[in-house]
Amino acid sequence: MTSQYRVSTDALNLRAAPGTGGAIIGVLLEGEILSDIGAGPHQRADGSTWLNVRTETAAEGWVHAGFVTAIEPPAPLQYRVSTDALNLRTGPGTQHAILEVLRVGDLLIETGESATDTDGDDWRNVTASSGTTGWVSAAFVTKVADEEPISGGGKLAWGAKVSPEFCVRVREIATNLVCEADYLMAAMAFETGRAFTASVRNQWSGATGLIQFMPATARSLGTTVEALAQMSAVEQLTWVERYLAPYRGRLQTLEDLYMSILWPVAIGKPNDFALFRRGTIQYSQN
């Protein structure tokens, strides 16, 4: 990437050659943007450094490096996968081959390329944590910049979707359970369709709330799905912690945390472990 500079003085001479002896071919104003044209810094015998640059009007010449400020290139955009399984493909569109399957919460770095497929869907060219570069549907990733900063703890995945009180409580729960707060947020994002509402309900199973409490599960905890649905999201987090407490210390991966919600028998199992068999109600519902 071409280096860029911003003029940091009221008036700066653009010269035909490096040094104050070079003819003045223009005067640059504070704030003007200059692009390095590749000659590299020139060191004069008097200790001064000069840069060969191109102005916004395409004029080329030399400026004293002491009167410009380097412009740091913008950091590449980062995204997190916001669905439980996302295909990384060789091109922008579902017709392209799958390179690998990404998991919810995975961090991706944008290469700067984007595209729109024939259906009008947006795609991003990204590099996964494995080092593989490919294309993902923009509908299933979220900019890391959109995550909410949390006092004393950096940014929290999906933090922009919830209140500061919710974020603080999630961090407390994660500390108590010895797990990553981001994993808990990712699981709740998936279970609630990214809504993070206490009343969201599955119309077939009756599962309700932030981690989709089944009616029988709610009763075993001493409450009901009807009561859970009447709570605020922050209030319901107490019941989330109560449900997860028996698995404290065992939720070291995103997969294990999600299995504690979906199918606890699978905690600690390898990723090729079969969760459900065809013909069972669990298989049909999931």
Side-chain angles (χ1 to χ4, degrees), residues 80-85 103-107 129 147-159 161-200 202 205-225 227-276 282 285-286:
R80 286 195 192 277
V81 176
S82 57
T83 186
D84 62 330
R103 301 300 178 187
V104 63
D106 283 357
L107 188 65
S129 57
E147 296 174 351
E148 184 73 11
I150 304 302
S151 176
K155 291 184 176 182
L156 186 67
W158 297 97
K161 287 281 189 177
V162 296
S163 69
E165 293 79 10
F166 189 99
C167 294
V168 169
R169 186 72 180 99
V170 166
R171 288 207 182 273
E172 291 175 347
I173 293 171
T175 298
N176 294 340
L177 297 176
V178 194
C179 70
E180 292 289 336
D182 283 350
Y183 295 168
L184 181 54
M185 289 293 289
M188 291 188 290
F190 180 67
E191 290 294 89
T192 62
R194 313 177 202 176
F196 290 93
T197 54
S199 59
V200 62
N202 184 300
S205 68
T208 301
L210 297 171
I211 58 171
Q212 291 292 276
F213 295 92
M214 291 292 288
T217 301
R219 289 193 296 271
S220 72
L221 293 172
T223 186
T224 64
V225 291
L228 288 167
Q230 296 301 312
M231 298 177 186
S232 70
V234 174
E235 289 171 337
Q236 197 179 104
L237 282 173
T238 296
W239 296 91
V240 171
E241 181 175 14
R242 197 168 295 181
Y243 170 80
L244 293 174
Y247 310 112
R248 182 181 185 276
R250 299 177 60 197
L251 311 176
Q252 300 303 300
T253 67
L254 178 60
E255 291 87 348
D256 283 344
L257 193 147
Y258 188 64
M259 285 304 101
S260 72
I261 296 169
L262 177 66
W263 199 239
V265 71
I267 295 174
K269 300 293 186 183
N271 286 345
D272 59 356
F273 176 74
L275 297 179
F276 311 119
Q282 294 87 357
Q285 289 181 341
N286 290 280

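Given the structure is predicted, the values throughout are model-derived calculations rather than measurements.
In this structure, the side chains of Leu184 and Val240 come closer than 4.5 Å at one or more pairs of heavy atoms. Between Leu156 and Asp182 there is a side-chain heavy-atom pair separated by less than 4.5 Å. Thr217 places a side-chain heavy atom less than 4.5 Å from the side chain of Tyr243. Contact check for Val178 versus Gln252: side-chain heavy atoms found under the 4.5 Å cut-off. Looking only at side-chain heavy atoms (C-beta outward), Phe213 and Thr223 stay at 4.5 Å or farther from each other.
Using modelled atom types, no side-chain atom of Glu255 and backbone atom of Asn271 make a donor-acceptor pair closer than 3.5 Å. Judged by distance alone, the side chain of Thr208 and the main-chain N or O of Gly206 form a donor-acceptor pair under 3.5 Å. Between the side chain of Glu235 and the backbone N or O of Leu228, no donor-acceptor pair lies under 3.5 Å.
Contacts of Leu262 classified as side-chain contact (heavy atoms from CB on, under 4.5 Å), with partners at least two apart in sequence or in another chain: Tyr258, Met259, Leu275, Phe276, Asn286.
A distance of 12.0 Å separates CE in Met231 from OG in Ser199, rounded to the nearest 0.5 Å. Taking CD1 from Ile267 and CZ from Arg250, the interatomic distance works out to 4.5 Å, rounded to the nearest 0.5 Å. To the nearest 0.5 Å, the span separating CD on Glu180 from OG1 on Thr253 amounts to 10.5 Å. The line from CZ of Arg219 to CG of Leu221 is 11.0 Å long, rounded to the nearest 0.5 Å. Atom CE of residue Met185 and atom CZ of residue Arg171 lie 9.0 Å apart, to the nearest 0.5 angstrom.
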>> Walk me through whether Asn176 and Glu241 qualify under side-chain hydrogen bond (donor to acceptor under 3.5 Å, both in side chains).
In response: CA-CA 9 Å; Asn176 294 340; Glu241 181 175 14; 2.8 Å; yes

> Step by step, would you call Met188 with Trp158 a side-chain contact (heavy atoms from CB on, under 4.5 Å)?
Replying inline: CA-CA 10 Å; Met188 291 188 290; Trp158 297 97; over 6 Å; no

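The shortest heavy-atom contact between Pro215 and Ser205 is CD-O, 3.9 Å.
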